[in-house]
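These notes are about the structure you will find just below.
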Amino acid sequence: MPAALPLLLDDPPGTALGTDLSGRVVVTGAQGTPYLWDVLEARPLALIVRDDPGDLTPLLAHLHLDKEFMYLGPRLEYLPLSTCERRALRLLAFGLSNAQIAARSGIRLSTVNSQVAAVLAKLNVPSRHAARALYWGHPFPPPHLDN
């Protein structure tokens, strides 16, 4: 087996977003398409989605990451959200209120209200709670969001 891969276990889910992922293999249990797109945009070496990471040694031994990026997970659907709407969804998924999202993003509360309403409509979900569950792939409790 080649030298040990820099492995990041995304536990609790959301940990990967606060980390430099370049050159790292990320393993997560979160299966929500929006979250997985956010992790992929951080350009890890590989992203592996598994309910139970268990013993990854056999899987990692067969990865050939010297040639290209690898993704092992559910099929990723297109997200009809703008960049700003995706940011609002991400922060909402971490449990922030619209006022907190506005303060953190440096934009008006009315803008965030519009963005969140657009997210709910475009994703066809009835509530913030449903949007949060969709983001993570199932109803994980929102992890702590560092500054």
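In what follows, every heavy atom counts, from backbone to side chain, and hydrogens, waters and symmetry copies are set aside.
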Just wondering, do V39 and L21 contact through their side chains at under 4.5 Å, heavy atoms? yes

Do P126 and L120 have side chains that get closer than 4.5 Å, going by heavy atoms? no

Any donor-acceptor pair under 3.5 Å from T28 side chain to A30 backbone: yes

Measure the shortest side-chain to side-chain distance between R43 and S22 over non-hydrogen atoms and say whether it is less than 4.5 angstrom. no

Is any side-chain heavy atom of V116 closer than 4.5 Å to a side-chain heavy atom of E85? no

Do I107 and C84 have side chains that approach each other closer than 4.5 Å (heavy atoms only, starting at C-beta)? no

Flag the pair Q100 / L91 as yes when at least one side-chain heavy-atom distance between them is below 4.5 Å, and no otherwise. no

Donor-acceptor contact below 3.5 Å, side chain W136 vs main chain P13: no

Do W37 and Y78 have ring centroids that are under 6.0 Å from one another? no

Taking S105 for the side chain and I101 for the main chain, is one N or O donor matched with an acceptor at less than 3.5 Å? yes

Flag side-chain contact, heavy atom, 4.5 Å: V119 against L92: no

Any idea how Y35 and Y135 line up, ring-wise: parallel (<30°), tilted (30 to 60°), or perpendicular (>60°)? perpendicular

Is a side-chain N or O of D10 found less than 3.5 angstrom from the main chain of T15, in a donor-acceptor match? yes

Might you point out which heavy atoms bring L7 and R24 nearest each other, and give the distance in Å? O-NH2, 3.9 Å

N/O donor-acceptor pair under 3.5 Å between N98 side chain and A102 backbone: no

